[in-house]
Structures are given as structure tokens and as C-alpha cells.
Protein chains: 2
Amino acid sequence: MTPRTTENGRPAITALPDPPDLPPPLPEPTVANIRLETVLAALSDPLRLRIVRKLLLESEQFDHTCGWFGLDRPKSSLTHHFKALREAGITRQRQYGLERRSHVRIADLNARFPGLLDLVADWTPPER
Amino acid sequence: MTPRTTENGRPAITALPDPPDLPPPLPEPTVANIRLETVLAALSDPLRLRIVRKLLLESEQFDHTCGWFGLDRPKSSLTHHFKALREAGITRQRQYGLERRSHVRIADLNARFPGLLDLVADWTPPER
DNA sequence: TGTTAAGTTCGACTCAAGTCGTACTGAGCG
DNA sequence: CGCTCAGTACGACTTGAGTCGAACTTAACA
């Protein structure tokens with residue numbers, strides 16, 4: 001089975017199965033409670049768009065800490081944005097000791113809003 | 001040629017050709033200058049989501065005036081929202097005498113962000 | 001030419017969101 | 001125990017968006 005690809009040759013955004021024995025996720029909306037307007041609002045911020053896009057394109061295996069993103073912002077700002085993504089239902093966060101790791105809820109979002117993640121993956125950040 | 005349909009049976013959102021001899025469009029971004037983050041921000045407002053959805057699902061032939069939408073808001077608020085949609089590149093507005101009519105730039109948006117309009121068409125407004 | 005009506009413009013107000021410093025929490029580890 | 005370090009909580013500040021009233025513009029039309 002070869003992965004389906006999108007118009008521009010990139011492999012489509014698809015989900016991998018979860019490994020067992022993970023810490024429980026932090027509070028998040030159920031799939032049915034994910035609202036389009038909330039998701040769009042969360043993704044309308046360029047920094048959060050960068051975060052989600054990087055997770056989609058570069059996360060080799062599983063979830064990642066805040067530091068992995070290399071974002072030049074104070075920690076309190078990052079907390080704010082990662083919380084916004086999680087509460088919108090876009091990412092799932094789990095606590096590993098001191099670290100809080102994030103990944104995109106790919107299967108949930110593909111089920112609820114097919115095609116949306118592909119738009120994020122194909123996004124190009126504004127130059128400057 | 002029968003129209004392709006989406007997963008839930010609704011006909012896919014596709015564009016009709018423009019009739020000739022229209023008034024010129026009001027200022028709007030070119031297709032290449034439509035930004036994903038701007039479009040998502042414009043669509044994250046429930047009122048604007050309703051406007052676009054209604055245009056997609058119920059506009060029988062061509063574009064529609066503000067009044068057609070039956071929105072219970074003062075005119076200055078409607079001006080604000082229709083301008084936001086137009087400047088984001090989501091709608092095109094043309095002046096017909098006193099009236100300013102809007103329609104969705106379906107072909108442009110399907111080319112730039114495939115699948116996005118289908119998400120809007122399938123959206124269900126929050127109850128109450 | 002005067003009236004009507006669609007829509008804009010302007011300015012004021014409110015509120016939510018982004019930004020960030022500072023203090024705090026809590027796991028890991030010597 | 002006490003240090004370190006990831007991340008949170010809280011609060012202050014600023015900015016931008018949504019909301020709207022009031023005055024204005026301008027076709028259409030009698």
C-alpha cells in the first residue's frame with residue numbers, strides 16, 4: 001500500500017497508530033465538540049500556523065516539546081499558543097515528567113474537516 | 001456530465017462562468033495574493049461563516065445584496081463584515097446602481113485552497 | 001428637483017487576544 | 001535536601017476587532 005499523494009507531490013497528511021502506555025492527554029474537546037470557527041481562529045495566527053505546519057511536516061515519530069520548535073518567544077507566550085491549539089482541538093498534549101509534548105490530532109481533524117490539514121501543510125509563511 | 005458529489009451527498013462547490021458586461025469588481029486581492037491566515041481569520045467569525053455558507057448553498061444564480069441575507073444587524077456592521085470578506089479575497093463585490101452585490105470567488109478559492117469551501121458549506125451554525 | 005433607500009464613513013465604545021515579566025510548581029537528580 | 005529546568009499562572013499592557021449610532025453619498029425615480 002503506497003501512501004496517497006496530493007496535487008503537489010507531498011504525501012497526504014495521515015495518522016499513525018498510537019504507541020501504548022502513554023501519559024493521559026491534557027484536557028481537550030472531544031472530536032464531536034471540535035468547532036470549525038474555533039479551529040479557524042486558532043489557525044489564523046501565523047505563529048500557530050507555523051507550529052502546526054512544522055508538526056505535520058517534520059515530526060519524525062511522535063510528539064514534541066515546546067523547545068523543539070525553536071521559537072524565539074518567551075515561555076509564557078508559548079504556553080498561551082500551545083494551550084490555544086489544544087483547546088481548539090488541533091493538538092493533543094501529554095505530560096512526560098517535566099516536559100509537555102504536543103502532536104496534531106490528525107485522525108480527528110481529517111475525520112471532522114477533511115482537507116484542512118493539507119492546506120496547513122502547504123502553507124508558506126509570509127516572507128521578511 | 002453529472003456534478004461530482006461530496007461524502008455527505010451535497011454537490012461539490014464549483015464555479016459557474018461569469019455572464020458578460022458586469023460592473024467592475026471593487027478592490028480585492030489577486031488570486032496569488034490571497035493569504036491563508038487572512039482567509040481563516042475572516043472565516044473564524046460566525047456571522048461571516050453564515051454569510052459565505054448561505055452564498056454557497058442558496059445563491060440560485062448570481063450575486064446578492066446585503067439585504068438578501070436577512071441579517072439582523074445595523075447597516076454599518078454589515079458593511080464591516082462584507083468588506084472583511086472581500087479584502088480577504090473570499091467574496092467579490094460589484095456595484096449595481098445603489099446596490100452592492102456579493103458572490104464567493106469559488107474558482108479562485110478552489111484553486112488556492114482546495115476543499116476549504118466544502119468545509120464552509122458543511123458547517124453547522126452553533127445552536128441558539 | 002426633492003425624496004427615498006442602499007450602502008459608506010467616521011468615531012466612540014467594549015472586549016478579546018497577543019505579548020511578556022515575574023513568581024510559582026513540580027519532576028529529576030546529585 | 002536543595003538545585004535545575006520545563007512549563008504554568010497571574011497580571012499588566014497594548015492592539016485590533018466587532019458593534020453601533022449618526023451623518024453622509026449617490027442612484028433611481030416620481
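In what follows, chains are A, B, ... by sequence order, proteins preceding strands, each numbered from 1. We use all heavy atoms of the structure for the numbers below, so side chains are in, but hydrogens, waters and symmetry mates are not. Bear in mind that the values here come from a model prediction, so they are computed numbers and not experimental data.
No donor-acceptor pair closer than 3.5 Å links the side chain of Asn110(B) to the backbone N or O of Gly115(B).
Straight-line distance from the CD atom of Gln95(B) to the P atom of dA6(C): 13 Å, rounded to whole Å. Residue Gln93(A) contributes atom CD, which lies 11 Å from atom C1' of dT8(D) at whole-angstrom precision. Spacing between atom NZ of Lys83(B) and atom C1' of dG18(D) amounts to 14 Å, rounded to whole angstrom units. Rounded to a whole Å, the CG atom of Leu78(B) is 12 Å from the P atom of dA6(C). A straight line from CG of Leu98(A) to C1' of dA6(D) spans 5 Å, rounded to a whole angstrom. We find that CG of Leu47(A) is positioned 16 Å from P of dA17(C), with the value rounded to whole Å. Nucleotide dA6(D) holds its P atom 15 Å from the CG atom of Leu71(A), rounded to whole Å. Rounded to whole angstrom, the span from the NZ atom of Lys75(B) across to the P atom of dG7(C) amounts to 8 Å.
When the side-chain nitrogen and oxygen atoms of Ser77(B) are compared with OP1 and OP2 of dC20(D), one or more of them lie within a distance under 4.0 Å. A close approach under 4.0 Å does not occur between any side-chain nitrogen or oxygen of His80(B) and OP1 or OP2 of dT9(C).
You'll find a donor-acceptor pair under 3.5 Å spanning the side chain of Ser76(B) and the base of dG21(D), going by distance alone.
Nucleic acid contact for Arg101(A): none, since no nucleic acid atom lies under 4.0 Å from a heavy atom of the residue.
A side-chain contact (heavy atoms from CB on, under 4.5 Å) with Phe69(A) is found for one member of Leu47(A), Leu55(A), Leu78(A) and no other, namely Leu55(A).
Taking 4.0 Å as the cut-off between side-chain N and carboxylate O, Asp108(B) and Arg92(B) count as a salt-bridged pair.
Positionally, the nearest nucleotide of DNA chain C for Thr79(B) lies more toward the 5' end than for the other of Thr79(B) and Arg73(A). The residue among Glu99(B) and Asp45(A) whose nearest nucleotide of DNA chain C lies closer to the 5′ end is Glu99(B).
Between His64(A) and Arg101(A), the side chains place no donor N or O within less than 3.5 Å of an acceptor N or O (distance only, hydrogens not considered).
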(request) Determine, stepwise, if the pair Gln93(A) / Arg86(A) fulfils side chain to side chain donor-acceptor pair (under 3.5 Å). (result) CA-CA 7 Å; Gln93(A) 288 185 289; Arg86(A) 173 171 52 84; 2.7 Å; yes

